[in-house]
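The structure appears right after this line, and notes come after that.
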Amino acid sequence: IAMAPLTGLFAVSFALQGQPTYANLRSLSSSRTSFSASTSSDDVELSTLCTLFGASPSDLLSLKTNEDGIRGVFLERSVEEGEDILKIPLDSCLRDDNPPDWLRSASITDEVNDSYVVVEEWVPRLTASLLEMQLSESKSEGQKLWLDLLPTNLHELLPIHWNPEVVASTQSRSLELAVDSAFFSRSSILGDLMLKRSDLTKEQFEMALDLVQTR
C-alpha cells in the first residue's frame with residue numbers, strides 16, 4: 001500500500017502489485033468541466049507540490065471552492081476515459097513496505113476479531129511511517145508542504161470520535177454498530193503502537209491513524 005503525497009489529499013491510496021515505478025490515478029469516464037470556482041492559495045500550493053514530488057501533469061488538478069461553497073479537487077480541463085489524471089513516482093509516496101525500525105522491533109498483535117470492521121495489516125505500518133515523517137527534522141520541502149495541507153482535526157467528521165449520546169441521537173442502529181465495531185478494531189492497533197513509542201501521545205497516534213484510514 002502506498003499513500004501518495006498528493007492523492008493523500010484526495011482520499012486515494014494504491015495497492016502495489018509487483019513493483020511499478022509510478023502510482024497512476026486515471027479517469028474512469030470522460031469528463032467535461034463546467035463550473036465556477038474561486039481561486040485560493042491552495043491552487044498554487046498544489047501545483048508546487050506536483051513539481052516538488054515529480055508528479056505530472058502539474059496543472060490539471062486544483063483545490064477550489066465552487067459557487068455552492070463545496071471545497072474539493074477539480075479538473076482544470078476536460079479529460080478522456082483512461083487518461084492519466086495524476087502520475088506520481090513511487091519513491092515520492094509514503095509506503096507501508098518499509099516501516100520505521102521502532103515498529104519492526106516487535107509484531108503488531110494479531111487477535112481474532114469478531115467485528116465486521118477489520119483493520120487491515122498495512123494500516124499500522126503506514127501509520128507508523130506517517131508518524132516518522134511528521135517527527136522527522138529533515139523533511140523535504142515537498143513533505144513539509146504536503147503535511148501542512150492535511151487536516152489537523154477529524155474528530156467532528158468521524159463518528160468513531162463522537163460522544164455516545166451524539167451517535168445515539170442519530171437513531172441509526174447500523175451507525176451505532178459500525179462505530180462500536182470500528183472502535184474495538186482500532187483499540188488493539190493503537191495500544192500496540194503506543195507501547196512502541198511511549199514518548200508520543202494517544203492524540204498523535206489517533207490523528208495519524210485517522211489520516212491513514214481516510215486518505
Side-chain angles (χ1 to χ4, degrees), residues 1-17 23 25 71-73 88 90 93-136 139 143 146-215:
I1 295 295
M3 186 175 179
L6 292 118
T7 52
L9 295 169
F10 316 148
V12 177
S13 60
F14 301 92
L16 305 181
Q17 298 179 356
L25 180 60
R71 183 177 182 273
V73 181
I88 309 171
L90 284 183
C93 297
L94 190 64
R95 296 167 57 171
D96 82 310
D97 57 356
N98 187 30
D101 291 338
W102 57 264
L103 183 72
R104 288 182 288 189
S105 62
S107 60
I108 291 289
T109 302
D110 184 15
E111 298 177 347
V112 176
N113 196 325
D114 294 329
S115 64
Y116 60 86
V117 176
V118 178
V119 177
E120 295 87 344
E121 61 180 14
W122 56 265
V123 170
R125 297 197 298 268
L126 200 55
T127 299
S129 295
L130 176 58
L131 277 168
E132 192 75 0
M133 178 189 289
Q134 291 173 325
L135 297 169
S136 173
K139 302 182 190 70
Q143 289 172 340
W146 176 59
L147 292 172
D148 285 343
L149 287 173
L150 292 175
T152 57
N153 191 332
L154 293 168
H155 279 213
E156 292 185 1
L157 300 177
L158 300 180
I160 193 172
H161 295 302
W162 295 355
N163 290 330
E165 295 80 7
V166 175
V167 176
S169 70
T170 65
Q171 298 183 343
S172 171
R173 182 58 178 165
S174 59
L175 177 61
E176 291 186 61
L177 291 174
V179 169
D180 286 344
S181 179
F183 176 82
F184 288 110
S185 295
R186 285 169 44 121
S187 61
S188 61
I189 299 297
L190 282 171
D192 283 336
L193 287 171
M194 291 173 66
L195 284 174
K196 293 174 174 58
R197 285 298 298 265
S198 58
D199 56 319
L200 302 180
T201 66
K202 181 181 180 182
E203 289 72 23
Q204 286 176 291
F205 284 112
E206 283 187 335
M207 186 62 210
L209 185 55
D210 288 344
L211 287 170
V212 165
Q213 292 191 298
T214 55
R215 297 305 93 193

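Since the model is a prediction, treat every value here as computed from it, not as a measurement.
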Side-chain donor-acceptor contact under 3.5 Å, Q204 with R197: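 No, R197 and Q204 have no side-chain donor paired with an acceptor closer than 3.5 Å.
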For residues [X] and [Y], report the shortest heavy-atom separation together with the two atoms involved.
X: V167; Y: T170; answer: O-OG1, 2.6 Å
X: L126; Y: D96; answer: CD1-N, 3.8 Å
X: I88; Y: C93; answer: CG2-SG, 4.1 Å

Measure the acute angle between the ring planes of F205 and W102, then classify it against the limits of 30° and 60° as parallel, tilted or perpendicular.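 Because their plane-to-plane angle is over 60°, the rings of F205 and W102 count as perpendicular.
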Is the NZ atom of K139 crowded by more than 12 outside heavy atoms at less than 6.0 Å?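 Check passes, neighbour count above 12.
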Donor-acceptor contact present, side-chain [X] to main-chain [Y], <3.5 Å:
X: N153; Y: H155; result: yes
X: S181; Y: A178; result: no
X: S129; Y: R125; result: yes
X: S136; Y: M133; result: no

For residues [X] and [Y], determine if any side-chain heavy atom of one lies less than 4.5 Å from a side-chain heavy atom of the other.
X: L131; Y: L211; result: no
X: L135; Y: L200; result: yes
X: D192; Y: P124; result: no
X: L103; Y: L193; result: yes
X: Q134; Y: L150; result: no

Using 0.5 Å steps for rounding, measure from the [atom1] atom of [X] to the [atom2] atom of [Y].
X: D97; Y: L90; atom1: CG; atom2: CG; answer: 9.0 Å
X: L190; Y: S185; atom1: CG; atom2: OG; answer: 11.0 Å
X: F184; Y: I189; atom1: CZ; atom2: CD1; answer: 15.0 Å
X: E206; Y: T201; atom1: CD; atom2: OG1; answer: 8.5 Å

Go through M207 and L154 one step at a time and tell me if the side chain to side chain contact (heavy atoms under 4.5 Å, CB included) criterion holds. CA-CA 8 Å; M207 186 62 210; L154 293 168; 4.1 Å; yes
Please name the residue in the list V179, V166, D210 that meets the side-chain contact (heavy atoms from CB on, under 4.5 Å) test with H161.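 Running side-chain contact (heavy atoms from CB on, under 4.5 Å) over V179, V166, D210 with H161 returns exactly one hit, D210.
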